[in-house]
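No hydrogens, no waters, no symmetry mates; every other heavy atom, side chains included, goes into these values.
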Amino acid sequence: QVQLVESGGGPVQAGGSLRLSCAVSGRTFSRYAMGWFRQAPGKEREFVVVMSWSGADTVYTDSVKGRFTISRDNAKNTVYLQMNSLKPEDTAVYYCAAAASYSLEPRRYDFWGQGTQVTVSS
């Protein structure tokens, strides 16, 4: 019903920046809370940042506070994740997700993108 497609990942040196995009289609964009999650090999998927549909409630995981910023352009049906001051520990597959209700828990999210690889070298 809802399709999410991430883009913008790739290799980057430590201290560099990337901007991830998540294009949304198939259903009214404003009805969903949005989040970015990431998963490194052998590790559980974890939340990076989640945002209510209105944008009023936004929570970042501690490790990215001050470095990552989520934004939303409803006119373009697109969610962005600006990642600055990247560190090797940020290396992971990053996923965009949508949920009917705001939550920090991956299991609450109903729709997921295919993921985009971010690799930060030291």
Side-chain angles (χ1 to χ4, degrees):
Q1 186 177 20
V2 174
Q3 293 80 45
L4 308 176
V5 180
E6 303 99 332
S7 62
V12 64
Q13 293 187 37
S17 299
L18 286 174
R19 186 197 193 200
L20 306 184
S21 298
C22 174
V24 184
S25 63
R27 192 178 176 89
T28 303
F29 184 65
S30 62
R31 291 181 60 87
Y32 293 93
M34 302 297 298
W36 287 95
F37 299 80
R38 65 186 180 187
Q39 187 167 25
K43 298 180 66 177
E44 296 180 9
R45 188 168 300 186
E46 63 176 357
F47 97 94
V48 177
V49 56
V50 295
M51 179 176 67
S52 63
W53 73 267
S54 68
D57 297 311
T58 304
V59 179
Y60 295 85
T61 193
D62 287 344
S63 63
V64 308
K65 288 180 180 177
R67 299 189 297 120
F68 291 10
T69 304
I70 189 171
S71 61
R72 186 172 185 169
D73 188 335
N74 288 339
K76 297 181 178 180
N77 292 329
T78 302
V79 178
Y80 303 96
L81 182 66
Q82 179 66 46
M83 306 187 295
N84 298 326
S85 301
L86 283 161
K87 304 175 181 179
E89 50 263 45
D90 295 318
T91 295
V93 176
Y94 283 71
Y95 298 90
C96 180
S101 300
Y102 175 78
S103 177
L104 305 184
E105 304 172 34
R107 67 186 181 91
R108 300 293 188 183
Y109 285 75
D110 302 306
F111 305 101
W112 294 83
Q114 82 287 352
T116 185
Q117 177 71 47
V118 173
T119 303
V120 185
S121 62
S122 60

Apply side-chain contact (heavy atoms from CB on, under 4.5 Å) to the pair Y32 and V24, showing each step before the final yes or no.
CA-CA 10 Å; Y32 293 93; V24 184; over 6 Å; no

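Hydrophobic clustering (ILVMFWY, side-chain heavy atoms < 4.5 Å, transitive): V93 and F68 are in distinct clusters. Under a hydrophobic-cluster definition in which Ile, Leu, Val, Met, Phe, Trp and Tyr are linked whenever side-chain heavy atoms come within less than 4.5 Å, directly or via other members, Y102 and I70 are assigned to different clusters.
Under the ring-ring contact (aromatic ring centres under 6.0 Å, His included) criterion, F37 pairs with Y109, W112, sequence neighbours left out. Every residue two or more places apart in sequence or in another chain was checked for a salt bridge (Lys or Arg N to Asp or Glu O under 4.0 Å) with R19, and none qualifies. E105 pairs by the salt bridge (Lys or Arg N to Asp or Glu O under 4.0 Å) definition with R107, R108, not counting sequence neighbours. Remark: S101 engages no residue in a side-chain hydrogen bond (donor to acceptor under 3.5 Å, both in side chains) (not counting sequence neighbours).
Looking only at distances, a side-chain donor or acceptor of E6 sits under 3.5 Å from a matching main-chain atom of C96. A donor-acceptor distance shorter than 3.5 angstrom exists from the side chain of T91 to the backbone of V120, with no hydrogens or angles considered.
R72 places a side-chain heavy atom less than 4.5 Å from the side chain of W53. Between Y94 and V48, the closest side-chain pair of non-hydrogen atoms falls below 4.5 Å. Considering only heavy atoms from C-beta on, V64 stays 4.5 Å or farther from V49 through its side chain.
Between the OH atom in Y95 and the CG atom in L4 there is a gap of 13.0 Å [rounded to 0.5 Å]. The distance from the CG atom of N77 to the CD atom of Q3 is 12.0 Å, given to the nearest 0.5 Å. For the atom pair CZ (F47) and OH (Y60), the distance works out to 11.0 Å, reported to the nearest 0.5 Å. The line from OG1 of T78 to CG of L20 is 12.5 Å long, rounded to the nearest 0.5 Å. Rounding to the nearest 0.5 angstrom, the gap separating the OG atom in S54 from the CG atom in N74 is 10.0 Å. In this structure, OG in S52 is found 12.0 Å from CE in M34, a value given to the nearest 0.5 Å.
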Show the atom names and distances, to 0.1 Å, of all donor-acceptor pairs under 3.5 Å that link a side chain in residues 79-88 to residues at least two apart or in another chain.
| residue | atom | partner | partner atom | Å |
| --- | --- | --- | --- | --- |
| Q82 | NE2 | N84 | OD1 | 2.9 |
| N84 | OD1 | S17 | OG | 2.9 |

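Each salt bridge (Lys or Arg N to Asp or Glu O under 4.0 Å) pair with one or both residues in residues 43-58, not counting sequence neighbours, appears once here: R38-E46.
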